Amino acid sequence: MVPDDREKIEEKVCLAVPYRIISKHGIKAVADVFGIRKEIDIRILDDVNVNDYVLVHAGFAIQKLDQEAAKTTLDLLREISEEQI
Amino acid sequence: MKNKFKDNSQLIQLLQQVDKLLTLSPFADRQCNFMEICGTHTVSILKYGFRNYFKKRINFLSGPGCPVCVTSQKDIDKVISLAQMGVRIATFGDLIKVPGSKSSLEEQMALGKEVNVVYNPLDCLKIADETDEEVVFIAVGFETTIPVIASLILDAKKLRIENLSILPLMKTIPTALNFLLTNLENEIDGFICPGHVSVIIGERPYKIIPEKYGIPCVIAGFEPVDIGLAIESLVSQIRKHTPIVDNRYKRVVKEKGNISARRLIEEVFEKTDVEWRGFGEVPASGLKLREKFSKFDAEKKFNINVKSSPEPEGCICGEVIAGKKQPVECPLFAKKCTPDTPIGPCMVSYEGACSAFYKYGEE
């Protein structure tokens, strides 16, 4: 997946994408998906730690998820980016 | 690692189980009507072939699960009116192409009006900071997005940003489902409830549906096996007469949802009556800013004078959202109305039922 595809996916209103937390500072964190890093907001999620997977919607981490669930969703997103956009 | 949610043999077993149940009473001589609330579920149901597989046995109805699609024509006209006033519009990308009665944001952009597409509503803070112009964020969205919009308001207040406001068009899902069952003529046998709205609200708000109407609800993920599990749960519940809220997306959806997010929503917004496309006005199904944040309300800040407008001639998006008709029943579908030349919002949005039907076909 290339960055442009990720942007296209993220523009869709309701999709949520799993990210891995790389570092955190206050209510912000740096997170990674497909090797692309960006800043996300973690204010509505308690107890977020580095290396946690979180579901990100509109720039906000909305829930934590386990690694397997994160990988499943990432596979689905890869498919979407390959087939639908 | 083995991906259990894509395991075909598990899905095949599930489908066989559903097939077996569907030959038994009370399904033997009638079609079930299941409504999916989330547009991404609509896409999955079509994409993975569930609709064709269960043809004549299960009728999947696309419900009010796309925030762009449920935005009324009058509200789209308000957005256009704001653009024409010369304020800088910030919006999610899906809204750009949705036609109002006379124009779309895309057309306004072509006429030189300022429209910024944002993915994260907090980007509006930066836009407002970099300009002296008035910036209005078009706040569409359900419970998944509303905490983010609440955060935008709190940050704008804290940073004392004066040239930013929102057009509040947010809507809440459980109230809409209750309204669907009470006020619109439907024969819904079960709901596939939205995964990511449920991340925020949890299981409880849906409980009124099985308790008051005897209709089962399943909170589902978006993988093929997730959809299969949801269908199996609905059919089993109907067969056993034990309607409940069954959470089949526990890997992400907790019973109580995201409490911090719900607190944020509560702090910034209060319930209000709002108009939904296809439903009309639904009491207490929307959110408005609490009084202490009212200076961020674009509707109050700018004198928007827009009259009610009918939906585009021939367009049945309203009836599709209400589960009364399928996109292919629309005389405009794939003829005058295509993703390149959309007439109604359900053909514009990636999550819209018409767009999904167009993309994945219907046999």
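These figures come from a predicted structure and were not determined experimentally. Lettering of chains follows the sequences in order, A, B, ..., and the numbering in each one begins at 1. Heavy-atom basis, side chains included; hydrogens, waters and symmetry copies ignored.
- Inter-residue side-chain proximity for B/S260 and A/L45 is flagged as unmet; no heavy-atom pair is nearer than 4.5 Å.
- Atom-to-atom distance recorded for B/L122:CG and A/I40:CD1 is 12.0 Å, nearest 0.5 angstrom.
- Of all residues in residues 24-32 of chain A, those placing a non-hydrogen atom less than 4.5 angstrom from a non-hydrogen atom of chain B are A/K28.
- Annotation for B/N258 and A/I62: closest pair ND2-O, 2.9 Å, computed over non-hydrogen atoms.
- The line from CG of A/D66 to CZ of B/R251 is 8.5 Å long, rounded to the nearest 0.5 Å.
- When each of B/P147, B/P121, B/S151 is scored by its heavy-atom pairs under 4.5 Å with chain A, the top score falls to B/S151.
- In this structure, the side chains of A/I44 and B/R263 stay at 4.5 Å or more apart for every pair of heavy atoms.
- In this structure, A/F60 CZ and B/L152 CG are separated by 8.5 Å, a value rounded to the nearest 0.5 Å.
- With a 4.5 Å cut-off on side-chain heavy atoms, A/Q63 and B/K254 count as touching.
- For the pair A/H57/B/I200, no side-chain contact is recorded, criterion being any heavy-atom separation below 4.5 Å from C-beta on.
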